[in-house]
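Scroll down for the structure; my scribbles are underneath it.
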Amino acid sequence: MRAVLMGPPSAGKGTQAARLGTELKVPHISTGDMFRAAIAAGTELGRQARGFMEAGKLVPDEVTMGIVRERLAYEDAQSGFVLDGFPRTIPQAEGLSKILASQGVKLDAVVLIDVPEDELIRRATGRRICQECGRVYHVEWNPPPGDACECGGALVQRKDDSPETVTERLATYRAQTEPLRDYYSVEGSLAVVDGMGDPDEVHRRIVRVLGRCS
Ligand code: AMP
C-alpha cells in the first residue's frame, strides 16, 4: 500500500499515519519528523528548515523534495509507505508522482483527514510535550498530573503550536496545501475522512476507505 495522509495541522495525521504504518508493515514517513530530527541533530538540513518551521511556513520545495526522494529510495519503502505531511504543495505532488513513475508504481490512496478550524486551534494550542520522554498531553482532554509529566520531565509547548504560529500554519495550509484536494480529486485517488472524535474511530474510518482503494 502506497498511501498519503493529508490534512491541516493538528488533524491527527501523525497519530493515524504511525498506526497505519505499523498495521500495514510499511514505513511511516513524516517530513515534519525528519525536519525536527535534523534540527535536534544540528545538521545543515535542520539549519535550513528551522526558520520556516518556527514561522509556520513551508520549507522550500527543493529542500523537501530532496529528503523525500532520498527516503523513498530506501529498501524498506519499496513495497509501500504511509506519507504524513507530504506532499503539501502542487509541485511536491508532481514531484512525488515523477519519483513513483520512475519506480514503475503509483499511489494507491490519498486520505484527507478533515477537521473544522476552531477544533484545530484548540488541539494545537492545548498540546504539551514532555521534554524528557516525549509524551504528549492536552491541557483540556488529556491533562498532565500537575505542572510536570508523569516521568517528572518538564512540559513544553512545541514552538509552532503557539497561537500566532498556529494561525500562520493554517493560513499556509489554506493557501498552499488545500489546492491538493482538487488535484487528487481529479486524479480520482482522494478519500475524505471525518477527523472528529476518538482516534480509534478515525482509524476505523481510514481503514474502511483504504479497503476500497487496495
Ligand atoms: P508537521 O509535523 O507535518 O506539522 O510539520 C511541521 C512543519 O515542518 C511544517 O509546519 C513545515 O514548516 C515543515 N514541513 C513538514 N512537511 C513539509 C512539507 N511537505 N513541505 C514543506 N514544509 C514541511
Side-chain angles (χ1 to χ4, degrees), residues 5-59 63-64 66-68 70-71 74 76-77 81-86 88 113 115 117-170 172-173 195-203 206:
L5 279 201
M6 275 184 56
S10 302
K13 297 185 297 290
T15 308
Q16 297 296 338
R19 188 161 167 187
L20 263 186
T22 306
E23 283 182 12
L24 298 171
K25 298 189 175 58
V26 294
H28 160 216
I29 301 177
S30 155
T31 40
D33 285 351
M34 287 158 90
F35 289 135
R36 279 184 287 277
I39 291 172
T43 65
E44 172 59 21
L45 171 68
R47 199 194 54 71
Q48 289 178 342
R50 180 175 216 140
F52 295 102
M53 290 175 76
E54 288 181 358
K57 307 232 181 274
L58 294 186
V59 177
V63 177
T64 308
I67 62 164
V68 172
E70 213 173 278
R71 182 64 186 85
Y74 286 16
D76 69 344
F81 50 75
V82 179
L83 280 172
D84 155 15
F86 177 92
R88 261 178 156 102
I113 306 179
V115 175
E117 208 158 287
D118 53 347
E119 169 76 7
L120 295 170
I121 293 170
R122 278 174 63 213
R123 287 186 185 184
T125 55
R127 183 156 53 187
R128 298 291 180 275
I129 299 170
C130 173
Q131 258 181 332
E132 296 301 319
C133 71
R135 184 166 169 171
V136 182
Y137 294 94
H138 191 281
V139 292
E140 274 180 67
W141 49 79
N142 177 26
D147 289 343
C149 177
E150 222 170 55
C151 78
L155 294 174
V156 292
Q157 187 172 43
R158 234 170 77 174
K159 277 214 174 96
D160 56 357
D161 279 343
S162 70
E164 305 73 43
T165 312
V166 168
T167 307
E168 185 59 38
R169 285 165 73 200
L170 284 170
T172 301
Y173 177 79
M196 287 295 283
D198 176 46
D200 288 344
E201 179 52 33
V202 178
H203 174 70
I206 294 174

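All values derive from a computational prediction rather than experimental measurement.
A donor-acceptor contact shorter than 3.5 Å is absent between the side chain of S30 and the backbone of G14. For the pair K13 (side chain) and G7 (backbone), a donor-acceptor distance under 3.5 Å is present. When atom types are taken as modelled, the side chain of R123 and the backbone of A11 share a donor-acceptor pair closer than 3.5 angstrom. For the pair T165 (side chain) and D161 (backbone), a donor-acceptor distance under 3.5 Å is absent.
Here the side chains of R19 and D200 are in contact, with some heavy-atom distance below 4.5 Å. Counting only heavy atoms from C-beta outward, the side chains of Q48 and V59 never approach each other to under 4.5 Å. Residues F35 and L45 meet the side-chain proximity criterion, which asks for heavy atoms closer than 4.5 Å. With contacts defined as side-chain heavy-atom distances shorter than 4.5 Å, the pair I29/V68 does not qualify. At least one side-chain heavy atom of I206 sits under 4.5 Å from a side-chain heavy atom of I113.
Atom CD1 of I129 and atom NE2 of H138 lie 11.5 Å apart (nearest 0.5 Å). From F52, atom CZ reaches atom OG1 of T64 across 9.0 Å, with rounding to the nearest 0.5 Å. Taking CZ from R122 and OG from S10, the interatomic distance works out to 12.0 Å, rounded to the nearest 0.5 Å. A distance of 11.0 Å separates CD of Q131 from SG of C149, quoted to the nearest 0.5 Å. Distance check: R169 CZ to I121 CD1 gives 11.5 Å after rounding to the nearest 0.5 Å.
Residues in residues 146-159 take part in these side-chain hydrogen bond (donor to acceptor under 3.5 Å, both in side chains) pairs, two or more places apart or across chains: R135-E150, R158-D160.
With respect to H28, the side-chain contact (heavy atoms from CB on, under 4.5 Å) criterion is satisfied by exactly one of L20, L83, D33: D33.
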### V136 and R127: CA distance, side-chain angles, deciding distance, side-chain contact (heavy atoms from CB on, under 4.5 Å) verdict
CA-CA 7 Å; V136 182; R127 183 156 53 187; 3.7 Å; yes
### Task
Check the pair M53, I39 against side-chain contact (heavy atoms from CB on, under 4.5 Å), reporting the backbone distance first and the verdict last.
CA-CA 10 Å; M53 290 175 76; I39 291 172; 3.8 Å; yes
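Residues V139 and P143 share a closest heavy-atom pair of O-CB, 3.7 Å. The minimum heavy-atom distance between L5 and A17, with the atom names listed, is CD1-N, 3.5 Å. Taking all atoms of both residues into account, the shortest heavy-atom contact from C151 to C130 is SG-SG, 3.6 Å. A pairwise comparison of heavy atoms in E119 and M196 identifies CG-SD, 3.6 Å as the closest pair. When all heavy atoms of T172 and G56 are compared, the pair lying nearest together is OG1-O, 2.9 Å. Between A148 and G152, the shortest heavy-atom contact is CB-O, 4.0 Å.
Between R71 and D76 there is a salt bridge, with a side-chain nitrogen of the basic residue lying less than 4.0 Å from a carboxylate oxygen of the acidic one.
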